[in-house]
Amino acid sequence: MSISDQSKRVVPLERAKAFKQVEIGRIRNVGSSVATISINKSIIRNNQLQLAQIGTILKIVTSKSIVVAMVGSLKIGAADDEGMSDGCLAQLNIMGEITTNETTRETKFFRGVRSFPVLGEAVYNMSPAELTLIFNREGEACIEVGRLQQDSSIVAKVRVDDLLSKHFAIIGSTGSGKSCTVALVLQAILKENPMGHVVLFDPHNEYSKSFGNRAEVIDQDSLDLPLWIFDFVETCELLCSEIEDQAREETEILHDVLLKAKRLYDRSVQNGDVSSQVKLDDVESELQRATHISLDSPVPYRIRDVAKLIDHEMGKLENSNNLAPYKRLRRRIATLIADPRYQFVFKNQASPRPIEDIVGRIFRLPVNGKPISCLDFSGIPSEALNIVVSVVSRLAFELATWSERQLPILLVCEEAHRYIPRDRGLGFNSTRRIISRIAKEGRKYGVSLAIVSQRPSELEPSTLSQCSTIFSMRLSNELDQNFVRAAVPDGAAELLSFLPSLGTAETMVFGESVNLPMRVILNTLPAEYRPHSSSAQFTDLWKRDVATPELMTQVFERWRARSLTPGGQGNQSGPRTPTVQDTRAALRKRMPQAAQPQHMQTAATQTSALAAQVRERLQAKSAAAQTRPQSLSDVKSMLNSAFHKNI
C-alpha cells in the first residue's frame with residue numbers, strides 16, 4: 001500500500017476530494033537540517049502566499065518517502081529571468097519524514113530524515129490526511145487541546161505520558177490566555193485519567209471553580225500543614241532570623257531542641273499520656289539516647305515542648321552569658337502563634353492529626369472523586385509562601401519515592417517565578433532546592449512538574465530547561481523571548497519570531513509530547529470553568545461611587561482578619577481596634593490547653609477574670625466619651641501580672 005493510499009484512510013473522503021495539491025516552489029539548496037526554495041511565480045501572481053506563511057508545514061516527495069518541512073522565514077529573492085526582483089525565497093526547517101515500513105506496510109511519521117531531497121525537487125502543500133497522520137498518533141494516550149492554525153479541521157493532540165513524565169511548561173504574557181490554558185490542559189488530562197493525583201499551587205485563588213466538584217479546594221483556613229511535618233531546613237527558615245549570624249546561633253539551638261521535642265512526644269505516646277507534664281531534668285539523659293527518630297523524621301511534637309526545652313536550655317549555667325538567641329526564638333514562636341495567617345502551622349497541637357490524613361487530603365489519597373487539589377495561597381503571607389511550596393513539593397517527592405513509583409503526582413506551579421526565582425538574592429532556597437531536584441530526578445520516581453509563568457526570564461534556568469514540552473503563548477518581552485528560544489527543542493527557534501503577534505488563546509507547542517512544533521488555536525473553556533483571572537473593569541466601576549459604608553466595613557474587616565472568608569479566623573462582629581488583650585487571647589486560642597506552657601495554664605483563670613475587668617473598664621470609658629483613656633497603665637499592670645513571663 002502506497003503512502004497516499006494509507007493517508008486516505010485517515011480522513012473522510014469528502015475532505016480528501018476537497019483538497020487540491022499545489023506546487024509551492026522548487027528547492028534551490030539543501031543542507032542537513034534546512035533547505036531553501038524559490039516560490040513559484042504563479043503562487044505570487046494568484047495571491048496564494050498564505051500557503052507558505054511562517055509556521056506552515058510543507059512536503060517534499062522523494063523516491064522513498066515524503067520529507068516534512070516547516071517554513072521558518074521568507075525574504076525577497078534575487079532578480080529573476082525577467083529582470084525583476086520580485087521573486088520570493090523561503091527557508092524550510094526539515095523536521096522528519098513520512099515513510100512506509102517495508103515489512104509491516106505501516107505508514108508513520110518519523111523524526112529525522114534518511115532520504116534527503118535533491119536540487120530542483122518540487123515542494124507541495126500538505127493534505128489533511130497527511131497532517132492527521134503527523135499530528136494524531138493512533139494507539140497512544142493523548143489529550144485534545146485545540147485545532148491546528150494551518151488547518152482547523154485537524155485536531156491538535158498531545159501525548160500524555162510524554163507530557164507528564166518529562167515535565168512541561170506553560171508560559172505567556174498577562175492577558176494571553178495562560179490561566180485558561182492551564183485549566184484546559186488539566187481538565188483534558190483528568191477527563192482521561194479520573195484517578196490522577198494533581199496538586200495545583202494557586203497564589204491568586206484563580207482556579208477554585210475551574211474543575212467543579214472534581215477539585216478539593218484548600219485555602220488558608222482549611223490548610224493543615226503542621227510544623228512537625230517540616231524538615232529541619234524548612235523549620236529553620238520559618239523560625240530563625242534573616243540575619244545570617246543570628247540565624248547560625250538559632251539553628252544550633254533548634255538542632256538539639258527539635259530532636260528532643262520529637263523524642264519527648266514519642267516517649268509520652270509510649271507511656272500512654274500525651275499530655276503528661278515531665279521534669280526535663282529527670283529525662284535529660286533519656287532524650288539524649290540514640291533512637292529511631294532523626295531530625296527530619298515526620299514525627300509529631302508539641303510547640304509547648306519546644307518552648308519548654310528552650311527555657312530549659314536557657315536556664316543552664318553554660319548558656320547564661322548568651323541568652324539573646326534563646327529569647328529571639330521564644331519571641332518569634334510567640335509572634336507566629338499569635339498571627340492568624342500562620343494558623344495552618346499550629347493547628348491540632350494537643351492531638352496531632354495522623355500523617356495519613358494530612359498527606360492524603362493534599363495529594364488525594366484516596367481520590368474519592370476529586371483527583372486535583374487546589375492550594376489557595378492568596379491568604380498566606382508572602383514570607384511563608386516559600387516554606388509552604390517547599391514542604392508540599394518535598395512531601396510529593398518523598399511520597400513518590402517511598403511508594404516506589406506507584407503513586408505518580410503532578411505538581412502545577414502557577415506563578416512559578418515568584419518562588420523559583422533566577423536571582424538567588426531573593427531567597428527561596430528551600431523551594432529552589434526541592435523543585436530543582438524534582439526537575440532533574442522526578443521522572444525517575446513519578447513526580448512531574450508543570451511550570452506556569454508570565455516571566456520565564458526570571459525563572460531558575462535549570463528548572464525550565466528540564467521541561468521537555470513547552471506551550472508558548474504571546475510574549476512581548478524580548479528577554480523572555482530569548483530565554484524561551486534557548487530552551488526550545490527541535491531546532492525550531494526561528495518559529496518564535498512571531499510570538500509577539502500570537503492572538504489570545506493561541507499557542508505554539510514544542511517538545512517531546514508532539515511529533516512536530518505546532519501552532520494551535522486552543523479550545524474554548526465553558527464560562528463556568530474559566531479561572532478568576534479577568535482584569536478589574538476600571539471604566540465601569542469609575543462611573544459610580546461604590547465605596548459605600550457597608551463595603552468599606554467589609555473591606556477593613558477582611559484586612560484586619562487577613563482573610564477573604566466571611567467566617568475566617570480573626571473576623572470580628574463589628575469594626576474595632578485590636579488591643580494587646582486580643583493578641584494574648586489569640587495566642588491562647590491557637591494553643592489548646594494541653595499545648596500551652598505551664599505558666600500560661602496556671603494563670604488561665606486569673607487571665608480570664610482580668611480580661612473581663614479590662615473590657616468593663618474600656619466600655620465605661622467609651623461610654624463617658626473620654627478622648628484619652630486613663631486606664632492604660634492599669635491595663636498594662638494587669639496584663640503584666642498575668643503574663644509575668646514572656647512567652
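No side-chain donor-acceptor contact under 3.5 Å links Asp480 to the backbone of Leu475. Judged by distance alone, the side chain of Ser448 and the main-chain N or O of Leu164 form a donor-acceptor pair under 3.5 Å. Looking only at distances, a side-chain donor or acceptor of Arg364 sits under 3.5 Å from a matching main-chain atom of Lys370. Asn125 contributes a side-chain N or O that, together with a main-chain N or O of Lys20, makes up a donor-acceptor pair within less than 3.5 Å. The backbone N or O of Ile362 lies less than 3.5 Å from a partner atom in the side chain of Ser373, making a donor-acceptor pair. Distance alone, capped at 3.5 Å, is enough to place a donor-acceptor pair between the Ser403 side chain and the Ala400 backbone. Of the possible donor and acceptor atoms, one in the side chain of His167 sits under 3.5 Å from a partner among the backbone N and O of Ala439. In this structure, the side chain of Ser176 engages the main chain of Ser173 through a donor-acceptor pair within 3.5 Å. At least one donor-acceptor pair under 3.5 Å links the side chain of Arg530 to the backbone N or O of Leu525.
Residues satisfying the side chain to side chain contact (heavy atoms under 4.5 Å, CB included) test with Pro461, not counting sequence neighbours, are Arg422, Phe483. In this structure Ser210 satisfies the side-chain hydrogen bond (donor to acceptor under 3.5 Å, both in side chains) test with no other residue, sequence neighbours excluded. Remark: Phe377 pairs with Phe201 by the ring pair (Phe, Tyr, Trp, His ring centres under 6.0 Å) rule, at least two apart or across chains. Checked against side-chain hydrogen bond (donor to acceptor under 3.5 Å, both in side chains), Ser472 has no partners two or more places apart in sequence or in another chain. Residues passing the side-chain hydrogen bond (donor to acceptor under 3.5 Å, both in side chains) test with Asn193: none are found, sequence neighbours excluded. Legend: residues meeting ring pair (Phe, Tyr, Trp, His ring centres under 6.0 Å) with Phe397, ordered by chain and number and at least two apart, are Tyr445. For Thr469, the side-chain hydrogen bond (donor to acceptor under 3.5 Å, both in side chains) criterion is met by Ser513, not counting sequence neighbours. When the side chain to side chain contact (heavy atoms under 4.5 Å, CB included) test is applied to Ser42, the partners found at least two apart in sequence or on another chain are Asn40, Arg45, Asn46. Residues passing the salt bridge (charged side-chain N to carboxylate O under 4.0 Å, His left out) test with Glu144, sequence neighbours excluded: none. For the salt bridge (charged side-chain N to carboxylate O under 4.0 Å, His left out) test, no residue two or more places apart in sequence or in another chain qualifies with Glu121.
For the atom pair Ile438 CD1 and Thr463 OG1, the distance stands at 10.0 Å (nearest 0.5 Å). Rounded to the nearest 0.5 angstrom, Ser38 OG and Ile24 CD1 are separated by 12.0 Å. Rounded to the nearest 0.5 Å, atoms CD (Glu414) and CD1 (Ile170) are 8.5 Å apart. Of the inter-residue distances, the one linking Leu89 atom CG with Ile39 atom CD1 reads 8.0 Å to the nearest 0.5 angstrom. With values rounded to the nearest 0.5 angstrom, Lys191 atom NZ is found 11.5 Å from Ile143 atom CD1. To the nearest 0.5 angstrom, Phe109 atom CZ is 8.5 Å from Glu97 atom CD.
Under the 4.5 Å side-chain criterion, counting only non-hydrogen atoms from C-beta, Glu415 is in contact with Pro203. Contact of the Lys178 side chain with the Ile171 side chain is not registered, since no non-hydrogen atoms from C-beta on lie closer than 4.5 Å. In this structure the side chain of Ser430 reaches within 4.5 angstrom of the side chain of Asn386, judged on heavy atoms. Within the 4.5 Å cutoff, the side chain of Phe211 has heavy atoms near those of the Leu186 side chain. By the 4.5 Å heavy-atom criterion applied to side chains, Val68 and Ile60 are not counted as neighbours. Side chains of Val61 and Tyr124 form a contact here, defined as non-hydrogen atoms less than 4.5 Å apart. Taking 4.5 Å as the limit, some side-chain heavy atom of Gln187 sits within range of a side-chain heavy atom of Arg214. Contact annotation: the side chain of Ser436 approaches that of Ser462 to within less than 4.5 Å [non-hydrogen atoms, C-beta and beyond].
If you check the side chains of Ser453 and His417, you find a donor sitting under 3.5 Å from an acceptor. Counted by atom type alone, Asn515 and Arg159 present one or more donor-acceptor pairs between their side chains at under 3.5 Å. Side-chain atoms of Glu206 and Ser179 include a donor-acceptor pair closer than 3.5 Å. No donor-acceptor contact under 3.5 angstrom links the side chains of Thr401 and Glu398, judged on distance only. Between the side chains of Thr100 and Thr107, at least one donor N or O lies within less than 3.5 Å of an accepting N or O.
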| said: Using the rule given for side-chain contact (heavy atoms from CB on, under 4.5 Å), can you reason through Ile218 versus Asp376, listing the C-alpha separation, both sets of side-chain angles and the distance that settles it, and then say yes or no? | reply: CA-CA 6 Å; Ile218 304 175; Asp376 175 15; over 6 Å; no
| request: Begin from the C-alpha positions of Tyr207 and Val182 and carry the test side-chain contact (heavy atoms from CB on, under 4.5 Å) through to its verdict. | output: CA-CA 9 Å; Tyr207 300 93; Val182 174; 3.7 Å; yes
| task | Go through Val392 and Leu375 one step at a time and tell me if the side-chain contact (heavy atoms from CB on, under 4.5 Å) criterion holds. | result | CA-CA 10 Å; Val392 175; Leu375 301 186; 4.0 Å; yes
| request: Walk me through it: do Ile43 and Gln50 pass the test side-chain contact (heavy atoms from CB on, under 4.5 Å)? | output: CA-CA 9 Å; Ile43 297 293; Gln50 72 276 5; over 6 Å; no
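Residue Asp540 places its CG atom among more than 12 non-hydrogen atoms of other residues, nucleotides or ligands, all under 6.0 Å distant. Residue Glu478 places its CD atom among 12 or fewer non-hydrogen atoms of other residues, nucleotides or ligands, all under 6.0 Å distant. By the 6.0 Å contact criterion, CG on Asn213 is open, its count of non-hydrogen atoms from other residues, nucleotides or ligands being 12 or less. Counting non-hydrogen atoms of neighbouring residues, nucleotides and ligands closer than 6.0 angstrom, the CZ atom of Phe116 exceeds 12 such neighbours. Heavy atoms of other residues, nucleotides or ligands lying less than 6.0 angstrom from CD of Glu528 number more than 12. By the 6.0 Å contact criterion, CZ on Arg405 is open, its count of non-hydrogen atoms from other residues, nucleotides or ligands being 12 or less. For Lys108, the NZ atom counts as loosely surrounded, since its 6.0 Å shell holds 12 or fewer non-hydrogen atoms of other residues, nucleotides or ligands.
Between Pro194 and Val367, the closest heavy-atom pair is O-CG1, 3.8 Å. Nearest approach of Val67 to Pro117, heavy atoms of both residues: CG2-CD, 4.1 Å.
For the salt bridge (Lys or Arg N to Asp or Glu O under 4.0 Å) condition, the pairs that include at least one residue of residues 456-467, sequence neighbours left out, are Arg424-Glu460, Arg432-Glu460, Arg455-Glu458. Residue pairs meeting the ring pair (Phe, Tyr, Trp, His ring centres under 6.0 Å) criterion with at least one member in residues 32-71: none, sequence neighbours excluded.
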